[in-house]
Novice: 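My questions will all concern the structure given below.
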Amino acid sequence: MTKRKIGVLVMSYGTPENMEQIEPYYTHIRRGNPPSAEQLKELTDRYEAIVGGVFPLRQNTDRQVEALQQTLKELYPDTEFVCYQGLKHAAPFIEDGVKTMAADGIKEAVGVVLAPHYSVMSIGGYVKRAKEEAEKHGIRMSFVESYHLHPELIDALVERVNEALQKFSVPVEQVKVLFSAHSLPAKIVEMGDPYPEQLLETSRAIADRTGVTNWQFSWQSAGQTSVPWLGPDITVDIEDLISKQDVKSILICPVGFVSDHLEVLYDIDIECKQLAESLGGHLERTDSLNSDPKYMRCLADVVAKEAERI
Ligand code: FEC
């Protein structure tokens, strides 16, 4: 019996591969508008600060796609799932991934993004581009829109929160847990976007399972644009907690991100940590999921279920 062959377009944000690529990458994020020299320098400095010219998201995405391929093979031996990468802001772009599937003769495919929460401005953008390209090549495609309450995802995050709480010398009740995610322009709330509520649902599920009652949700990494973004920013929350509420121990669990990358390694590990320390606080972060086997099983499960809907 021949196996059913299904392409899996694994989509992720994308990152530059070297310092020279920062400018075209940033221009792509800004929908073709080049950044000013000042904006470019500010971003370049942040990349330099994290690991001196290495771009961790590149390798992390490669590893996640390889690990998902392996997990799909082990869990679903009767179907031939073939994984392809499609990145939002760097090569191989989403359209490149779909073109490669078409060249390989793929007729049916599932799209999944390495980000668990749906917003029309995040996942919606990935899906729109993949759909448009797939239609050009006659590929039938179905998309996983979110998986923010998947039991394997929650298990993996619960494990990380419990591990990170051990890093504090004070009783757990005295540690404020900040669940965080990338901010988006505030207009998504009027649009009825599910993003804020899905993030709260993930946060509540982790809090329930860990027994953490002392928590709140914070927005991080807002863009530098003229429109208002969801807030307050996590740095404002940290300052308020330490300086006004006398909370000295803070654990950040960035539930909106699944990999080590700039927004985690710079925005949290450098910016938030330095701020907390300068105010006399102690701040830690939960480890990123990266290629965690539980996260991979979560992805494999949602992909296999979506394949039934093509
Ligand atoms: O490590 C890396 O090289 C990449 C880290 C990175 C991730 C990431 C994830 C998300 N973003 C989302 C939304 C926006 C919106 C804008 C925006 C801008 C930037 C800039 C950089 C950047 N993002 Fe990002 N994002 C990452 C990096 N992001 C760099 C440009 C400089 C800056 O503002 O800091 C604003 C675009 C505009 O100007 O109009 C909106 C969302 C996610 C999480 C979901 C996902 O992964 O797709 C949402 C990782």
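All values derive from a computational prediction rather than experimental measurement. As the structure lists them, so they are numbered: ligands from 1, and atoms in each ligand from 1.
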Novice: Please check if the number of heavy atoms outside Lys128 that lie under 6.0 Å from its NZ is greater than 12.
Specialist: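 For Lys128, atom NZ is not crowded (no more than 12 foreign heavy atoms under 6.0 Å).
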Novice: How about Lys176 and Ser249: do any of their side-chain heavy atoms sit closer than 4.5 Å?
Specialist: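 No, side chains not in contact.
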Novice: Is it true that a side-chain atom of Asn60 and a backbone atom of Pro56 form a donor plus acceptor pair closer than 3.5 Å?
Specialist: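 Yes, the answer is positive, given that a donor and an acceptor are paired below the 3.5 Å cut-off.
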Novice: Please give me the protein atoms (N, O or S only) lying under 2.8 Å from atom 24 (Fe) of ligand 1, ordered by chain and number.
Specialist: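 Counting only protein N, O or S atoms under 2.8 Å from atom 24 (Fe) of ligand 1, the list reads Tyr13 OH.
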Novice: Nearest to atom 45 (C) of ligand 1, what protein heavy atom do you find, and at what distance?
Specialist: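 For this ligand atom, the closest protein heavy atom is Tyr126 OH, 3.4 Å.
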Novice: Distance under 4.0 Å to a non-hydrogen atom of Arg46: what atoms of ligand 1 satisfy this?
Specialist: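 So the atoms of ligand 1 that pass are 34 (O).
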Novice: Heavy-atom contact under 4.0 Å between His117 and ligand 1?
Specialist: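 It does not; every heavy atom stays at 4.0 Å or beyond.
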Novice: For ligand 1, which atoms have a heavy atom of Leu57 less than 4.0 angstrom away?
Specialist: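 Under 4.0 Å from Leu57, ligand 1 has these atoms: 1 (O), 2 (C), 4 (C).
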Novice: Got the closest protein heavy atom to atom 29 (C) of ligand 1, with its distance?
Specialist: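 The closest one turns out to be Leu43 CD1, 3.5 Å.
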Novice: What is the nearest protein non-hydrogen atom to atom 44 (C) of ligand 1, stated with its residue, atom name and distance?
Specialist: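 Closest protein heavy atom to atom 44 (C) of ligand 1: Ala115 CB, 4.0 Å.
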Novice: Got the closest protein heavy atom to atom 38 (O) of ligand 1, with its distance?
Specialist: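 Result: Thr225 CG2, 3.7 Å.
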Novice: Determine whether the side chain, the backbone, both or neither of Leu184 has a heavy atom under 4.0 Å from any heavy atom of ligand 1.
Specialist: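 For Leu184, the contact with ligand 1 is made by the side chain alone.
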Novice: How are the rings of Phe93 and His28 set relative to one another: parallel (under 30°), tilted (30 to 60°) or perpendicular (over 60°)?
Specialist: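 The rings of Phe93 and His28 sit tilted, inter-plane angle from 30° to 60°.
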Novice: Looking only at N/O atoms, are Leu262 and ligand 1 under 3.5 Å apart anywhere?
Specialist: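 Looking only at distances, the answer is yes, because the N/O contact criterion of under 3.5 Å is met.
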Novice: Does the pair Glu133/Lys136 count as a salt bridge with the N-to-O cut at 4.0 Å?
Specialist: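 Yes.
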Novice: Kindly indicate whether the side chain of Phe179, heavy atoms from C-beta on, has any atom under 4.5 Å from the side chain of Thr202.
Specialist: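 A side-chain contact is absent here, since even the closest heavy-atom pair is not under 4.5 Å.
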Novice: If we only count heavy atoms from C-beta on, is the Arg46 to Glu42 side-chain gap below 4.5 Å?
Specialist: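 Counting from C-beta outward, Arg46 and Glu42 do come under 4.5 Å.
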Novice: Could you tell me whether Arg4 and Asp78 make a salt bridge, using a distance below 4.0 angstrom between a side-chain N and a carboxylate O?
Specialist: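 Not counted as a salt bridge, because no side-chain N and carboxylate O are separated by less than 4.0 Å.
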Novice: Got the closest protein heavy atom to atom 4 (C) of ligand 1, with its distance?
Specialist: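 Closest protein heavy atom to atom 4 (C) of ligand 1: Tyr25 OH, 3.3 Å.
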Novice: Please determine if Trp229 has a nitrogen or oxygen closer than 3.5 Å to a nitrogen or oxygen of ligand 1.
Specialist: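 Checking ligand 1 against Trp229, no N or O pair falls under 3.5 Å apart.
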Novice: Measure from the side-chain N and O atoms of Gln220 to the backbone N and O of Ile268, and report whether any donor-acceptor pair falls under 3.5 Å.
Specialist: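 Checking the backbone N and O of Ile268 against the side chain of Gln220, no donor-acceptor pair under 3.5 Å is found.
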Novice: Please tell me whether Ser259 and Gln64 have a donor and an acceptor in their side chains that are separated by less than 3.5 angstrom.
Specialist: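 There is such a pair between these side chains.
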Novice: Do you reckon Leu241 sits in the same ILVMFWY cluster as Phe168, going by side-chain contacts under 4.5 Å, direct or chained?
Specialist: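 No, because Leu241 and Phe168 fall into different hydrophobic clusters, even though each may have its own neighbours under 4.5 Å.
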Novice: Checking the side chain of Gln69 only, and the main-chain atoms of Cys83 only, is there a donor and an acceptor separated by less than 3.5 Å?
Specialist: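 Yes, the answer is positive, given that a donor and an acceptor are paired below the 3.5 Å cut-off.
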Novice: Is a salt bridge present between Lys99 and Asp104, judged by a nitrogen-to-oxygen distance below 4.0 Å?
Specialist: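 Not counted as a salt bridge, because no side-chain N and carboxylate O are separated by less than 4.0 Å.
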Novice: Which part of Leu114 is near ligand 1, with near meaning a heavy atom under 4.0 Å away: side chain, backbone, both or neither?
Specialist: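 The answer is neither.
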Novice: Side chain or backbone of Thr15 under 4.0 Å from ligand 1, or both, or neither, by non-hydrogen atoms?
Specialist: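 The answer is both.
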Novice: If the threshold is 4.0 Å, N to carboxylate O, is there a salt bridge linking Arg129 and Glu95?
Specialist: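 Result for this pair is yes, salt bridge flagged.
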Novice: Keeping Thr71 on the side-chain end and Ala300 on the backbone end, is there a donor-acceptor pair under 3.5 Å?
Specialist: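 Not a single qualifying donor-acceptor pair exists.
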Novice: Does some non-hydrogen atom of Arg58 fall short of 4.0 Å from ligand 1?
Specialist: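 So Arg58 does not count as touching ligand 1.
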Novice: Return the closest protein heavy atom for atom 37 (C) of ligand 1 as residue, atom name and distance.
Specialist: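 Closest protein heavy atom to atom 37 (C) of ligand 1: Arg31 NH2, 3.6 Å.
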Novice: Who's the nearest protein heavy-atom neighbour of atom 30 (C) of ligand 1, and how far?
Specialist: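 Of every protein heavy atom, Tyr26 CE2, 3.3 Å lies nearest to atom 30 (C) of ligand 1.
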Novice: Please identify which atoms of ligand 1 are closer than 4.0 Å to at least one heavy atom of Ser122.
Specialist: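 This gives 48 (C) as the contact atoms.
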Novice: Tell me: protein heavy atom nearest atom 43 (C) of ligand 1, and distance?
Specialist: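 Looking at atom 43 (C) of ligand 1, the protein heavy atom closest to it is Phe257 CE2, 4.0 Å.
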